[in-house]
Participant: 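Here it is, the structure in full.
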Amino acid sequence: MKLSRFLFALLPLSAAAGRGSFRGLSHIATEIFSFPPTNPIFIENILVLPDARLLLTSFVHFGPDTNSPLHILNPVTSSVSVVTTLPNSTSQTGIAKLSGANRYAVTAGILGDNFEFLNNTVNVYVVSLGWKASSATVVDTIPVPGVISANGLVAVGNVVLSADSRGGRILRVDTVTRTSSVAFADPLLFGDPANVSGSLGITGVNGLFLKRHGGQRWVYFTNSARGVYGRFKVNSLGHKVGSVEVLMTATSDDPVGFTNSLDDLVVDGDADGYIAWQDRSLLKVKRYNNGTTSQTVVLGSGGVATGNTGITLRTPTSVALGLDGGHIYVGTGGAVAGNLTGGQVVKVTI
Ligand SMILES: *[C@@H]1O[C@H](CO)[C@@H](O)[C@H](O)[C@H]1NC(C)=O
Ligand SMILES: *[C@@H]1O[C@H](CO)[C@@H](O)[C@H](O)[C@H]1NC(C)=O
Ligand SMILES: *[C@@H]1O[C@H](CO)[C@@H](O)[C@H](O)[C@H]1NC(C)=O
Ligand SMILES: *[C@@H]1O[C@H](CO)[C@@H](O)[C@H](O)[C@H]1NC(C)=O
Ligand SMILES: *[C@@H]1O[C@H](CO)[C@@H](O)[C@H](O)[C@H]1NC(C)=O
């Protein structure tokens, strides 16, 4: 929400300054949960349920079997449990709420080398989980053949759009007709063409976030290899309308690479983006009415958040908006110099 100029003029100066500093300038960060090093789950994505609990997808499953666990976290009690497992998968990526009651879509598959899935192992799992339920059920498994990456996920009704990081394209899976197709490819979604052999160089489109503004649906995205944050418009059936736009290219002293890449994102009610910036930061991208952007590190080196003494983000991967819109959750992989120490969930006021 933005104060209109008119309302701003009516407020006493102190109240206006106080609200301005709360909404715009300061952020309070609190680590609410961390997996222990003895069970170092790499959190890949977070979905906030209507009952305020969090579903956590995990990227690396170390079990001997191929039933990757889907976790649920109560942010108030910090208790975590496995709500279900996804058969025939070792690694989960995107998660999105479908329009059917209690229905969620998760992409997962068998992880191969180089952060790629083995070809023809990716599925969209449809999971049913009721209000405050302690366990979930996999109600459908829809194959997505011919792909080796399926990353960020958004739902438009019962259609999901998945970021194919390697293919530089958006996949479209209809969970009702159980069909999958390539929605479109775009150079702005493709990795760095100058470095397609590097494992980061081929990670193009990564995070996706669906946001409605003025009756229009926008899919915001990050492209890791290019450091790009952008968006494209979709219609009510999830088909792209118009072209892909770049809103910002992140600036950094360090070259884009594994330790410096944009991952998942959210866009808040002010149209400000919050992006998990590996391997240590939470980035805020402010967009002004004149179309320009500015970037601020919220948490991490040079960050502006308070209350974060002692919190070091360990490979931030994911961001989710809290139900009241006043805070976000940041999920991390827990990787430190290649060692897994346990993913964290950090709450940050916005
Ligand atoms: C796992 O995959 C195998 C081989 O594709 C298939 O036969 C089996 O039904 C799958 N299991 C489940 C639980 O979906
Ligand atoms: C995946 O398998 C399909 C056939 O099922 C093939 O057409 C495609 O080229 C393969 N993709 C990769 C990246 O190997
Ligand atoms: C290509 O990407 C790899 C990481 O995936 C990086 O180590 C390497 O420096 C990159 N090379 C160029 C030319 O950008
Ligand atoms: C756009 O607006 C911002 C915020 O008011 C301002 O700081 C910036 O200088 C403006 N840029 C241009 C190009 O007008
Ligand atoms: C990572 O783990 C290895 C093996 O346990 C250890 O030798 C190394 O010091 C660890 N590195 C860091 C940065 O903790």
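If you read the sequence from its start, that first residue is 1, and numbering goes on from there. In listed order, ligands and their atoms are each counted from 1.
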Participant: With a 4.0 Å heavy-atom cut-off, what residues sit around ligand 1?
Facilitator: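 Within 4.0 Å of ligand 1, protein side: Pro87, Asn88.
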Participant: Which donor-acceptor pairs under 3.5 Å do the side chains of residues 123-131 make with protein atoms, sequence neighbours left out?
Facilitator:
residue: Tyr125; atom: OH; partner: Pro87; partner atom: O; Å: 2.4

Participant: Is any N or O atom of Tyr288, backbone or side chain, closer than 3.5 Å to an N or O atom of ligand 4?
Facilitator: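 In fact, backbone or side chain, Tyr288 has no N or O that close.
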Participant: Please determine which of Leu265, Leu299, Val267, Ile350 meets the side-chain contact (heavy atoms from CB on, under 4.5 Å) test together with Tyr274.
Facilitator: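 Output: one option passes, namely Ile350.
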Participant: If you link ILVMFWY side chains whenever their heavy atoms are less than 4.5 Å apart, which other residues fall into the same cluster as Val241? By chain and number, please.
Facilitator: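 Hydrophobic cluster check, Val241: no partners found.
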Participant: Taking the six-membered ring for Trp, are Phe117 and Phe115 ring centroids under 6.0 Å apart?
Facilitator: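 Not close enough - the centres of the two rings lie 6.0 Å or further apart.
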Participant: Linking Ile, Leu, Val, Met, Phe, Trp and Tyr by side-chain heavy atoms under 4.5 Å, what else ends up with Val244?
Facilitator: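 Its cluster mates, by chain and number, are Val154, Val156, Val159, Leu161, Ile170, Phe184, Leu188, Leu189, Val205, Leu208, Leu210, Val219, Phe221, Val228, Phe232, Val234, Val246.
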Participant: Going by atom types only, do Ser165 and Thr203 share a side-chain donor-acceptor pair under 3.5 Å?
Facilitator: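 Result is no, nothing qualifies.
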